[in-house]
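Counting convention: from 1, in listed order, for ligands and their atoms alike. Atoms considered below: every heavy atom in the structure, side chains included; atoms not considered: hydrogens, waters and symmetry mates. The residues of the chain are indexed from 1 along the displayed sequence.
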Amino acid sequence: PHMSRNVHVLNQCEPKVGKTSLIMSLVGEEFPEEVPLRAEEITIPADVTPEKVPTHIVDYSENEQTEEALKEEIIKANVVCVVYDVTQEETIDKVFFPVCLIPIILVGNKSDLRSGSSMETILPIMNQFSEIETCVECSAKNLKNISELFYYAQKAVLHPTAPLYDPEDKQ
Ligand code: GTP
Ligand code: MG
C-alpha cells in the first residue's frame, strides 16, 4: 500500500517523559541536548522505512496545544505511541490511554537511567487495554530501541496481530 501513515507520539499527565527527544533522536541519529517543546511534524520517506511506507510522525505538547487539538490529531493517526518515563514507575498508573480504535504502542523512555525493567508494572496495564499492541523500553539518550519503536508502530498499522476490540467485551 502507498497510503500515508501517521505515527503519533503522545503522552499527557506527566510531561517531560522525552516525547520530543525520541523523535529528534530518530531523525538526527543522535541525542539532542536541547529540544523545543514540540517537534515539527516530519515525514519519513518510504524507502528508508522498514515497511516501505511513508510515515508521518506528529509530536504533542500539552504546553502548546489544547486537548481539542490532541483529539483532532488522534482522529488522523493510525497508531499512537504512549510514552512514560521508566524512572517514574509510580506514574505509569496515571498514563492516559486515548479512547480510540487504533493500536497503541506503550513506550518506556529513559532506560539509560535505570538497570531493571518496568515490565512487571506494565503487564497488568497491557492486559487491561487490548488496544496496546506492544510495549518497548528505549532511550532517546543512548539511541536504544529508537528505530525499533517506530518499526513496531509501522508494523502495528500494517500487520495488526490482534483485533482492536473484543466483541465479547461489548455484550
Ligand atoms: P514536553 O513536551 O514538555 O511534555 O516534554 P517531552 O515529553 O517532549 O520531553 P523532552 O523531549 O522535552 O525531554 C524532557 C527531558 O528529558 C529533557 O531534559 C531531555 O534531555 C530528557 N530526556 C529525554 N529522553 C531521555 C532519555 O532517554 N534519557 C535521559 N537520561 N534523558 C532524556
Ligand atoms: Mg515535547
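The shortest N or O to N or O distance between P15 and ligand 1 is not under 3.5 Å. The shortest N or O to N or O distance between D112 and ligand 1 is below 3.5 Å. For ligand 1, the polar-atom distance check finds no N/O of E33 at less than 3.5 Å from any of the ligand's N/O atoms. Ligand 1 has no N or O atom lying under 3.5 Å from any N or O atom of P36, backbone or side chain. For ligand 1, the polar-atom distance check against Y60 finds no nitrogen or oxygen pair separated by under 3.5 Å. Checking only distances, K19 does come within under 3.5 Å of ligand 1, N or O to N or O.
If you check each of R114, K144, K110 against atom 25 (C) of ligand 1, the one with the closest non-hydrogen atom is K110.
Separation of atoms CD1 (I146) and SG (C138) is listed at 4.5 Å; rounding is to 0.5 Å. Here F150 contributes atom CZ and I44 contributes atom CD1; the two are 7.0 Å apart, rounded to the nearest 0.5 Å. Separating the NE2 atom in H56 from the NZ atom in K76 is a distance of 10.0 Å, to the nearest 0.5 Å.
Note on T20: counted as a metal contact of the Mg ion (ligand 2), an N/O/S atom lying under 2.8 Å. With 2.8 Å as the limit, K16 does not count as an N, O or S neighbour of the Mg ion (ligand 2).
Defined by atom type and a distance below 3.5 Å, a donor-acceptor pair is present between the side-chain atoms of T55 and Q154. A donor atom on one side chain and an acceptor atom on the other are found under 3.5 Å apart for E51 and H159.
With contacts defined as side-chain heavy-atom distances shorter than 4.5 Å, the pair K141/S111 does not qualify.
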